[in-house]
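So that the names make sense, note that chain A is the first sequence line, chain B the second, and so on, each numbered from 1. Just so you know, these numbers come straight off a predicted model, no measurement behind them.
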Protein chains: 2
Amino acid sequence: MKLYGYWRSSAAYRVRIALNLKKIPYEYCAVNLVKDGGQQHSEEFHRINVNELVPVLVDGGISISQSLTILDYLDEQYPEPMLIPLHGEVRYKVKELAQDIAVDIHPLNNLRVQQYLINHAEFDKQDELDWLRHWIMVGFSALDDKLRHTAGVYSVGAQVSLVDVCLVPQVYNALRFDVDISQYPTIERLYYSLNEISAFMLAAPQYQPDSPIKKPPSE
Amino acid sequence: MKLYGYWRSSAAYRVRIALNLKKIPYEYCAVNLVKDGGQQHSEEFHRINVNELVPVLVDGGISISQSLTILDYLDEQYPEPMLIPLHGEVRYKVKELAQDIAVDIHPLNNLRVQQYLINHAEFDKQDELDWLRHWIMVGFSALDDKLRHTAGVYSVGAQVSLVDVCLVPQVYNALRFDVDISQYPTIERLYYSLNEISAFMLAAPQYQPDSPIKKPPSE
């Protein structure tokens, strides 16, 4: 199993959490999204993913891009522990909440979008931060409402699910962009509880081999 | 079955196609996204979807937002015809290609994003069009490459799939924003073939009850 990722890509971060939860050993192939104009645009990586985005998971003969598809694949092929309930209304609630993050918030805050706004819309650092925070805050405001009804110990009841896997990287981004997450008390509580689980903690950007921040996990 | 939608919402358009393909009768509840500052922000609709976005599908006691979740739900609960293959590598290829559209292209071109760029980034009509076309063209360029390998009569082989359901509304948007789709020959061919299927044709924005364009389907 090979994962092409980048330490700070939150879509890759999701996949790292799932791989850790499922205790699947994998080779981490770092693609530096900022060096040399972005190694994702190299000829070599273009052959791996014509979309020139991370993550990409390669498992034997199968190669999958799109983190939500990778997470579906992992959950169906390596079902222990199961992240998407197989039956009932809760199955669709888990998918919906995960997509509230992965479809409605994250794509707007992607690196390539930030680059477009700086290069073509003359965004300065403050405009950029306003943009990033706006979409996180719009999304978190609704999400916190929804999670208040679904959360138990974790985002949906007492089992770790796909929602948690998507939530933690998005909160990491929110904190990076100085969003005051105490406005979202359920999200805040979940973030700190989830990060006590080693599968989540060890998937964090700062602990990846390609992170420039060299800091061992705290005890 | 109730579908809250808007004639020109491409996420709602996807769901209409799926409902038509599966021959599921439904009540169409129009939510005007532009009138009165957007009826999706009304107290009444906020109670239906706290995200204040369409589509929302209500089926008996279950209410689902997020079009990809709705499409998963419909395919699992009303499996004829099946839009997502149940097994094999093709299952994940279908999901990945659908998400190339629904995650990487569409969220950037959503109405609320256009409104932000006009109101906060002083985008004029031309900046707006440049932005919309940029993300469609980046996405279509990679997608056309991928579809060249997967397409048969339809996007993936000989069966209509989730990819087709996502593709047609996205091409509709591309044409609306004057993207020259002849640059993407596989996408162009698929679009016109798919629109010969009545389930696709009748789901088109101009034929919805809330469309201001009053034009009966051509013979």
J.: Side chain from CB out, backbone as N, CA, C, O: work out which of these in B/Leu143 comes under 4.5 Å of a heavy atom of chain A, or both, or neither.
T.: neither
J.: Side chain, backbone, both or neither: which part of A/Val138 has an atom under 4.5 Å from a heavy atom of chain B?
T.: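 For A/Val138, side-chain heavy atoms alone lie under 4.5 Å from chain B.
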J.: Over 60° means perpendicular and under 30° means parallel, so tell me whether A/Trp131 and A/Trp135 are parallel, tilted or perpendicular.
T.: perpendicular
J.: Over 60° means perpendicular and under 30° means parallel, so tell me whether B/Tyr116 and A/His134 are parallel, tilted or perpendicular.
T.: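 It falls in the tilted class, 30° to 60°.
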J.: Quick one: what part of B/Ala102 sits under 4.5 Å from any heavy atom of chain A, side chain, backbone, both or neither?
T.: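 Looking at B/Ala102, just its backbone touches chain A.
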J.: As an exercise: rank A/Asp127, A/Leu68, A/Asp145 by heavy-atom pairs under 4.5 Å with chain B and give me the winner.
T.: A/Leu68
J.: Among B/Asp100, B/Leu108, B/Asn110, which has the most heavy-atom pairs under 4.5 Å with chain A?
T.: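 So the answer, after comparing B/Asp100, B/Leu108, B/Asn110, is B/Asp100.
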J.: Looking at B/Glu76, B/Lys93, B/His46, B/Lys146, which makes the most heavy-atom pairs under 4.5 Å with chain A?
T.: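 Most heavy-atom pairs within the cutoff with chain A belong to B/Glu76.
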J.: Report the C-alpha distance between A/Arg112 and A/Glu52 in whole Å, list the side-chain angles of each, state the deciding distance to 0.1 Å, and finish with yes or no for salt bridge (charged side-chain N to carboxylate O under 4.0 Å, His left out).
T.: CA-CA 10 Å; A/Arg112 59 184 193 151; A/Glu52 302 179 2; over 6 Å; no
J.: Tell me whether the centres of the aromatic rings in B/Tyr13 and B/Trp7 are closer together than 6.0 Å.
T.: no
J.: Name the region of B/Ile70, side chain, backbone, both or neither, that has any atom closer than 4.5 Å to a heavy atom of chain A.
T.: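 Neither part.
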J.: Counting only heavy atoms not in B/Lys22, do more than 12 fall under 6.0 Å of its NZ?
T.: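 Result for NZ/B/Lys22: enclosed.
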J.: Under a 4.5 Å cutoff for heavy-atom pairs, which residue among A/Ser63, A/Pro107, A/Gly61 has the most contacts with chain B?
T.: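 Answer, by heavy-atom pair count under 4.5 Å with chain B: A/Pro107.
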J.: Is the ring pair B/Phe140/B/Tyr184 parallel, tilted or perpendicular, if the boundaries are 30 and 60 degrees?
T.: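 It falls in the perpendicular class, over 60°.
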